[in-house]
Number of protein chains: 2
Amino acid sequence: MIIYFQEDFYIYTIKEVAEKMDVSEHTIRFWAKSGFFPFIKRSQTNIRLFDDNDLEWVKIVKCLRVVGVESKAVKRYIDLCVIGDSTIEERYKIITDTKVKTQQQIKELMEQLILLEYKEKFYQNIINNNLEDTWNPMNKLSVEEKVVI
Amino acid sequence: MIIYFQEDFYIYTIKEVAEKMDVSEHTIRFWAKSGFFPFIKRSQTNIRLFDDNDLEWVKIVKCLRVVGVESKAVKRYIDLCVIGDSTIEERYKIITDTKVKTQQQIKELMEQLILLEYKEKFYQNIINNNLEDTWNPMNKLSVEEKVVI
DNA sequence: CAATTAATTGAGAGTAACTCTAATATTTTA
DNA sequence: TAAAATATTAGAGTTACTCTCAATTAATTG
């Protein structure tokens with residue numbers, strides 16, 4: 001959609017937003033329906049008109065969702081933004097809490113990555129040296145007869 | 001549940017597994033129902049008996065799920081393990097693909113972390129210097145009258 | 001400029017992966 | 001041995017999409 005304003009003002013269709021932000025159109029609409037973009041304008045024919053400012057909002061919503069903030073909490077954050085300056089402290093807390101949780105997630109992923117790398121080497125070794133998968137309990141003797149309850 | 005075997009053989013209840021692996025009992029049962037643990041024994045009274053070997057399987061399932069491998073793919077991996085040595089190559093590919101995706105996820109989270117840190121500083125600045133939230137479009141003039149379609 | 005073709009819309013069904021509840025059975029503890 | 005804690009399954013509920021569909025609306029093209 002081509003629309004002209006003063007110099008540096010563009011309007012994006014939902015498709016363009018989806019491409020630009022790497023989020024599906026469905027998800028953008030779902031987020032819009034969830035009240036995450038209370039500021040988006042519509043054309044007279046009801047079509048959503050995203051401007052560069054709106055993209056910043058899509059960006060922060062995407063950020064919060066990607067790091068696992070649940071929808072209700074995202075909505076809360078958006079609502080606080082709409083209310084304005086009196087809510088800065090609560091928004092600050094949301095952001096710092098989210099930051100800490102994101103750091104923990106990164107740590108968790110890095111730990112799981114270590115296990116994946118161990119497994120990778122383990123399989124590599126089997127493939128390269130034509131070995132048996134000794135770790136797999138399926139290759140071990142059944143322990144059934146040992147069980148005593 | 002206390003059960004004796006030879007020296008180094010212990011049995012864990014589902015509760016103990018949940019605590020040890022930091023996964024809810026519900027989730028362990030859900031995974032079991034999904035066929036992720038085809039090797040777990042049961043007592044005569046139908047109670048699941050996890051041994052140390054089983055914990056290793058819970059560990060790899062947890063790993064795959066945490067990094068976002070979907071259930072169907074986890075099941076596939078487990079099935080390949082059960083089939084045995086002939087499936088090493090496919091398992092190797094699953095692990096390396098998952099490793100790459102995990103690295104990408106870590107990168108993505110680190111990028112989002114930068115935005116969160118920017119926001120944190122932004123709010124900090126407002127709080128410390130008693131400023132207005134100039135970024136918030138709610139504080140800007142309405143652009144409504146500028147829109148031309 | 002009419003007619004395809006492409007994009008947008010909302011409603012609502014479908015899906016994944018839990019998460020929780022409830023009724024019942026089993027185990028542990030006092 | 002009675003009460004409290006834990007285990008079991010089935011199945012309902014939840015979250016956050018994801019997809020389909022029919023109806024509009026917009027863009028392209030002969």
Side-chain angles (χ1 to χ4, degrees), chain A residues 1-4 10-38 40-51 54 58 61-78 98 101 105 148-149, chain B residues 1-4 10-37 40-51 54 58 61-78 98 101 105 147-149:
Chain A
M1 186 180 275
I2 301 149
I3 300 220
Y4 27 138
Y10 299 95
I11 288 282
Y12 306 93
T13 62
I14 201 158
K15 200 191 180 193
E16 287 166 332
V17 174
E19 273 162 22
K20 223 175 156 65
M21 305 306 290
D22 196 29
V23 175
S24 82
E25 289 179 46
H26 287 305
T27 300
I28 301 279
R29 284 203 195 88
F30 175 76
W31 286 349
K33 204 177 162 186
S34 304
F36 293 176
F37 312 129
I40 286 178
K41 308 278 186 299
R42 301 266 192 150
S43 73
Q44 285 99 329
T45 54
N46 202 36
I47 283 166
R48 291 186 186 86
L49 308 172
F50 295 79
D51 63 27
D54 295 330
V58 177
V61 166
K62 180 187 172 180
C63 172
L64 295 176
R65 289 295 306 118
V66 162
V67 305
V69 176
E70 59 185 45
S71 281
K72 259 188 195 170
V74 173
K75 183 58 168 45
R76 174 74 185 155
Y77 179 78
I78 297 296
T98 304
K101 279 182 197 156
Q105 272 184 82
V148 177
I149 294 157
Chain B
M1 187 179 278
I2 301 151
I3 300 216
Y4 335 60
Y10 299 96
I11 289 282
Y12 306 92
T13 62
I14 201 157
K15 200 190 179 195
E16 288 165 333
V17 173
E19 272 162 22
K20 221 173 156 68
M21 306 305 291
D22 197 27
V23 174
S24 81
E25 289 179 47
H26 288 305
T27 300
I28 301 277
R29 285 205 194 87
F30 174 76
W31 286 349
K33 204 175 160 186
S34 304
F36 293 176
F37 313 130
I40 286 180
K41 308 275 185 300
R42 302 266 190 150
S43 72
Q44 284 100 329
T45 54
N46 201 34
I47 283 167
R48 292 187 186 85
L49 307 172
F50 295 78
D51 62 27
D54 295 331
V58 177
V61 166
K62 180 186 172 180
C63 172
L64 296 176
R65 289 293 309 119
V66 162
V67 306
V69 175
E70 59 185 48
S71 280
K72 262 187 192 170
V74 173
K75 183 58 168 47
R76 173 74 185 154
Y77 179 78
I78 297 295
T98 303
K101 280 181 195 155
Q105 272 185 81
V147 178
V148 177
I149 295 159

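The sequence lines fix the lettering, A, B, ..., with proteins before strands; numbering per chain opens at 1.
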Mind running a 4.0 Å heavy-atom check of residues 22-34 of chain B against DNA chain C and sending the residues that fall below it, in number order? B:His26, B:Thr27, B:Phe30, B:Trp31
Partners passing side-chain contact (heavy atoms from CB on, under 4.5 Å) against A:Ser71 (at least two apart in sequence or in another chain): A:Phe36, A:Arg65
Under 3.5 Å, N/O pairs linking protein and nucleotides 2-4 of chain D:
none

Hey, what do you get for OH (B:Tyr12) to CG (B:Asp51), rounding to the nearest 0.5 Å? 8.5 Å
Do the side-chain N or O atoms of B:Ser71 get closer than 4.0 angstrom to the phosphate oxygens (OP1, OP2) of C:dA16? no
Distance col, row B:Trp31:CH2 vs B:Met21:CE, nearest 0.5 angstrom, shows 8.5 Å
Contacts of type salt bridge (charged side-chain N to carboxylate O under 4.0 Å, His left out), residue B:Glu19, not counting sequence neighbours: none
Nearest atoms (heavy-atom pairs only) where A:Asp54 meets A:Leu49: OD2-O, 3.4 Å
Can you list the residues that meet the side-chain contact (heavy atoms from CB on, under 4.5 Å) rule with A:Thr98, with sequence neighbours excluded? A:Leu64, A:Val67, A:Val69, A:Ile94, A:Thr102, B:Leu116
With nearest nucleotides of DNA chain C determined for B:Thr45 and B:Gly68 from heavy-atom distances, which residue corresponds to the more 5′ nucleotide? B:Gly68
Rounding to 0.5 Å, atoms NZ (B:Lys62) and CG (B:Asp22) come to a distance of 4.5 Å
Rounded distance in Å - CG (B:Leu49) to C1' (D:dA7): 11 Å
Would you indicate, yes or no, if C:dG10 has its OP1 or OP2 atom less than 4.0 angstrom from a side-chain nitrogen or oxygen of A:Arg42? yes
List for me each residue that meets salt bridge (charged side-chain N to carboxylate O under 4.0 Å, His left out) alongside A:Glu70, sequence neighbours excluded, and say none if there are none. none
Within less than 4.0 Å of OP1 or OP2 of C:dC18, is there a side-chain N or O belonging to B:Arg65? yes
So which nucleotide from D:dT8, C:dT9, C:dA17 ends up closest to the side chain of B:Ile47? D:dT8
Hey, is the side chain of A:Arg48 poking within less than 4.0 Å of OP1 or OP2 on C:dT9, counting only N and O atoms? yes
